[in-house]
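Okay, structure first, notes after.
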2 protein chains.
Amino acid sequence: MATVKDIAAAAGVSVATVSNVLNNRPNAGRATRQRVLRIAQELDYRPNRAAQAMRTGRTRAIGLVLPDLTNPFFPELAQAVENTARSQGLLVCLVDSQSRPEGEADGFSLLMQHAVDGIIWCPLGSRVPAQVRNPARPVVLIDRPRAGYAVVHSNYLMGGRLLAEYATRMGHRRVGLLSGPQHIESARQRRDGFVKALPKGSEIAWEVCVGFDGLLTQEARLALKQRRRATLIVAGNDLIAIGAIRCLAEHGVRVPEDVSVTGFDNIRWTDLLTPRLTTIAQPVGAIGARAVELVQERMSGGKIGNQRAVFDVELIERDSVRKLNEAS
Amino acid sequence: MATVKDIAAAAGVSVATVSNVLNNRPNAGRATRQRVLRIAQELDYRPNRAAQAMRTGRTRAIGLVLPDLTNPFFPELAQAVENTARSQGLLVCLVDSQSRPEGEADGFSLLMQHAVDGIIWCPLGSRVPAQVRNPARPVVLIDRPRAGYAVVHSNYLMGGRLLAEYATRMGHRRVGLLSGPQHIESARQRRDGFVKALPKGSEIAWEVCVGFDGLLTQEARLALKQRRRATLIVAGNDLIAIGAIRCLAEHGVRVPEDVSVTGFDNIRWTDLLTPRLTTIAQPVGAIGARAVELVQERMSGGKIGNQRAVFDVELIERDSVRKLNEAS
DNA sequence: GCTGCTTAGTGTAACGTTTTACTACGCAGA
DNA sequence: TCTGCGTAGTAAAACGTTACACTAAGCAGC
């Protein structure tokens with residue numbers, strides 16, 4: 001591979017000048033500049049990132065630390081992050097902790113060793129790995145807020161509210177809640193947003209919390225079996241909704257004929273399912289892109305406080321909620 | 001961050017000795033060795049990867065180039081690859097081409113700039129990006145074979161055969177094929193394996209090829225609507241199967257009561273669907289792990305020819321195939 | 001002609017490692 | 001005592017960049 005030295009030799013200038021031209025600093029004449037650029041192109045020059053990194057301390061790589069790629073919300077996010085990053089010339093280094101804190105810690109350690117310029121992180125729990133507690137590098141959280149960090153996520157309260165309004169409009173007055181883990185703020189806000197926006201006369205028939213992975217607990221299965229006259233089941237995310245629909249089917253309960261179900265996330269094939277799932281769409285692409293922008297701003301010195309970027313969400317009406325007549 | 005120089009100073013030896021100890025080369029005395037190691041630990045020394053990379057040309061990072069993270073088969077693969085890699089101290093750099101050849105090319109270019117030590121690649125089409133045609137770095141293909149490369153994938157022929165045997169056992173004699181793109185070998189082998197293992201007296205009622213992403217073409221929808229007395233539809237992967245089931249539902253056709261459907265891949269929530277999908281399970285974890293091993297072998301000099309690692313697959317019997325009595 | 005300023009460009013140290021060639025020392029064998 | 005050899009360790013170059021401190025030349029103003 002060609003180096004600056006090769007270019008310098010071919011152009012009859014010093015390596016310093018080549019470097020100056022390549023990083024377009026002002027101190028180079030018009031003619032020289034063009035000559036150097038042309039030769040660089042001819043030799044197919046690519047800067048050696050390792051050398052650059054050693055000299056400048058920047059790698060033009062960012063870390064992406066996710067809890068679980070088998071939850072389809074995250075691959076969509078990863079795709080958005082990777083594509084935006086690549087369009088800016090940034091490489092994405094992936095860590096999937098498989099929901100294990102040690103995995104998260106190891107991943108951070110590896111990322112720090114490789115001196116990534118910044119980290120986009122969807123934190124697992126409340127624990128902050130030592131490797132990142134003194135963050136030499138900017139960290140931007142994604143999807144899950146935490147005090148002291150910049151974060152970009154959806155307006156979960158709004159999502160909850162939209163669902164509550166829709167439920168009411170469709171005539172549902174008694175709902176069962178299959179919420180996500182309440183120690184995760186994004187799960188809590190979805191739930192709270194829903195509950196607060198529920199009008200007088202509507203009520204929560206029951207509530208059970210389960211994991212975001214859609215694997216239902218005994219308690220959840222029992223609640224779904226009994227149902228206690230709930231006409232609508234509001235799930236914490238799409239995976240939970242899918243799990244619920246299947247559990248209901250096992251008891252011979254049809255969706256939406258016998259009971260309605262809503263999800264959250266609008267993962268890609270919720271509209272390939274039977275029935276197509278009514279859910280809340282998050283602008284995943286925008287979220288991923290914004291996270292990259294934010295981390296990049298911080299990489300280039302901008303210490304712009306710990307901002308929050310919150311994105312509006314949208315109700316996607318499909319087939320899993322039935323319209324009740326007033327009498328029912 | 002502590003450097004070798006710091007350790008050398010603290011231990012009263014030269015940096016060369018520190019380096020020797022750290023890479024446990026023989027020329028260092030017992031006492032010195034232990035002192036250096038102790039101090040390195042105390043100072044929480046981590047080698048500067050950039051400096052190492054510049055000197056040795058190795059980065060201890062590998063690239064993972066995938067066509068589409070929104071196809072749930074790939075995140076599972078990515079997870080396996082990342083976890084095995086991390087356990088070996090390798091960082092994974094992700095590229096998602098979003099099924100666009102330019103994306104693939106850009107990704108490779110970025111990976112080469114960062115001088116990853118090896119690349120695990122699920123190629124998009126038949127085009128080989130120029131960046132990788134002269135591979136200074138070892139490349140291991142995953143899931144999609146191609147002449148001249150090492151590859152690790154499932155035994156697709158076996159998968160096809162298992163499906164054919166199962167179909168026969170369940171009394172299905174007339175099947176419709178909803179195959180994947182036939183220019184991709186893995187799709188072709190699934191199909192061929194199935195067709196070849198079909199006994200006399202069984203027949204292919206019709207065949208349509210669609211993309212792996214589960215979005216059905218007009219032609220496919222028409223075939224599903226007509227059905228031409230096929231009692232079983234064999235889909236090229238789970239996404240296609242899911243799409244087919246929904247399309248059938250739109251025409252009021254129930255699965256498996258009216259027609260049976262099989263998938264391929266056993267992506268994670270095929271058993272959350274209604275009906276639970278009968279499909280072929282690939283050992284995704286093993287495939288990912290083996291790919292990492294293979295690329296690592298090659299990284300450390302082993303030029304072991306272009307081997308093929310082929311993994312057995314397994315039939316997962318669920319609820320989407322009905323047993324027909326002989327008469328039907 | 002001198003001063004001061006701008007433009008265009010250069011020489012070289014430095015970043016943190018690894019590695020090559022070398023030294024210094026002790027000791028066994030003759 | 002000399003030779004040779006193994007052990008323990010060192011000095012310094014090298015990897016490819018960037019950036020600092022310079023210089024050389026041209027030119028305007030007086």
Side-chain angles (χ1 to χ4, degrees), chain A residues 1-37 39-40 43-61 89 91 112-117 136 299-301, chain B residues 1-37 39-40 43-61 89 112-117 136-137 299-301:
Chain A
M1 267 228 190
T3 73
V4 278
K5 215 183 273 183
D6 300 329
I7 302 181
V13 295
S14 73
V15 290
T17 299
V18 174
S19 175
N20 284 334
V21 170
L22 258 26
N23 299 291
N24 48 312
R25 269 181 282 269
N27 35 355
R30 239 187 134 58
T32 324
R33 178 175 303 273
Q34 297 198 330
R35 184 154 33 97
V36 167
L37 287 175
I39 293 177
L43 297 182
D44 189 34
Y45 169 75
R46 312 286 174 94
N48 178 325
R49 294 283 181 205
Q52 265 180 334
M54 185 164 68
R55 193 56 244 247
T56 63
R58 344 215 72 173
T59 50
R60 312 259 336 131
L91 186 68
M112 290 326 258
Q113 249 176 77
H114 281 264
V116 292
D117 287 344
M299 278 159 44
S300 33
Chain B
M1 268 231 189
T3 73
V4 279
K5 215 184 272 182
D6 300 327
I7 302 182
V13 296
S14 75
V15 291
T17 300
V18 174
S19 174
N20 285 333
V21 169
L22 258 27
N23 299 294
N24 48 311
R25 268 180 284 267
N27 37 354
R30 236 186 137 59
T32 326
R33 178 175 301 273
Q34 297 199 330
R35 185 153 35 96
V36 166
L37 287 175
I39 293 178
L43 296 183
D44 189 35
Y45 170 76
R46 312 287 175 91
N48 178 326
R49 294 281 181 209
Q52 265 179 335
M54 185 163 71
R55 193 58 242 250
T56 63
R58 345 215 68 170
T59 50
R60 312 258 335 129
M112 291 324 259
Q113 251 177 74
H114 281 265
V116 291
D117 287 344
R137 309 289 165 168
M299 278 160 44
S300 32

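To find a chain, count down the sequence lines: A is the first, B the second, and so on, and within it residues start at 1.
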Rounded to whole Å, how long is the line connecting atom NZ of A/Lys5 with atom P of C/dT12? 13 Å
Does the side chain of A/Thr17 get closer than 4.0 angstrom to OP1 or OP2 of C/dT10 through an N or O atom? yes
Taking NE2 from A/His114 and P from C/dG16, how many angstroms apart are they, rounded to a whole number? 17 Å
When rounded to whole Å, the OH to C1' distance for the pair A/Tyr45 and D/dT17 reads 7 Å
Is a donor-acceptor contact shorter than 3.5 angstrom present between the side chain of A/Arg25 and the base of D/dA19? no
Would you call B/Thr3 and B/Asn48 a side-chain contact if the rule is heavy atoms closer than 4.5 Å? no
Looking at A/Asn23, I'd like to know whether one of its side-chain N or O atoms comes within less than 4.0 Å of OP1 or OP2 on D/dT18. yes
Under the 3.5 Å rule, do the base of D/dT18 and the side chain of A/Arg55 count as making a donor-acceptor pair? yes
For the side chain of A/Asn27, counting heavy atoms from C-beta on, which of C/dG9, D/dG9, C/dT19 is nearest? C/dG9
Compare side-chain N and O positions of B/Ser19 against OP1 and OP2 of C/dT18 and report whether any pair is under 4.0 Å apart. yes
Distance-only polar pair, side chains of A/Arg49 and A/Gln52, donor-acceptor under 3.5 Å: yes
B/Asp6 has an atom CG; how far is it from atom P of C/dC15, in whole Å? 11 Å
Once you round to the nearest 0.5 Å, how far does CZ of A/Arg33 lie from OG1 of A/Thr17? 10.0 Å
Which is true for A/Ala28 with a 4.0 Å heavy-atom rule: it touches a base, it touches only sugar-phosphate, or it touches nothing? sugar-phosphate
OP1 or OP2 of D/dG16 under 4.0 Å from side-chain N/O of A/Gln52: no
Between CD of A/Gln34 and C1' of C/dA8 the distance, given in whole Å, is 15 Å
How close or far is atom P of C/dT18 from atom CZ of B/Arg49, stated in whole angstroms? 10 Å
Can you check whether A/Leu22 reaches A/Tyr45 side chain to side chain, under 4.5 Å on heavy atoms? yes
Return yes when atom CZ of B/Arg25 has more than 12 non-hydrogen atoms of other residues, nucleotides or ligands closer than 6.0 Å, and no otherwise. yes
Round to the nearest Å and state the distance from B/Asn48 atom CG to D/dT17 atom P. 17 Å
Nearest whole Å is fine: how far is C/dT19 C1' from B/Met54 CE? 14 Å
It should be established whether B/Thr3 places a side-chain nitrogen or oxygen under 4.0 Å from OP1 or OP2 of nucleotide C/dC15. no
Residue mapping more 5' on DNA chain D - nearest nucleotide basis, B/Ala51 or B/Arg30: B/Arg30
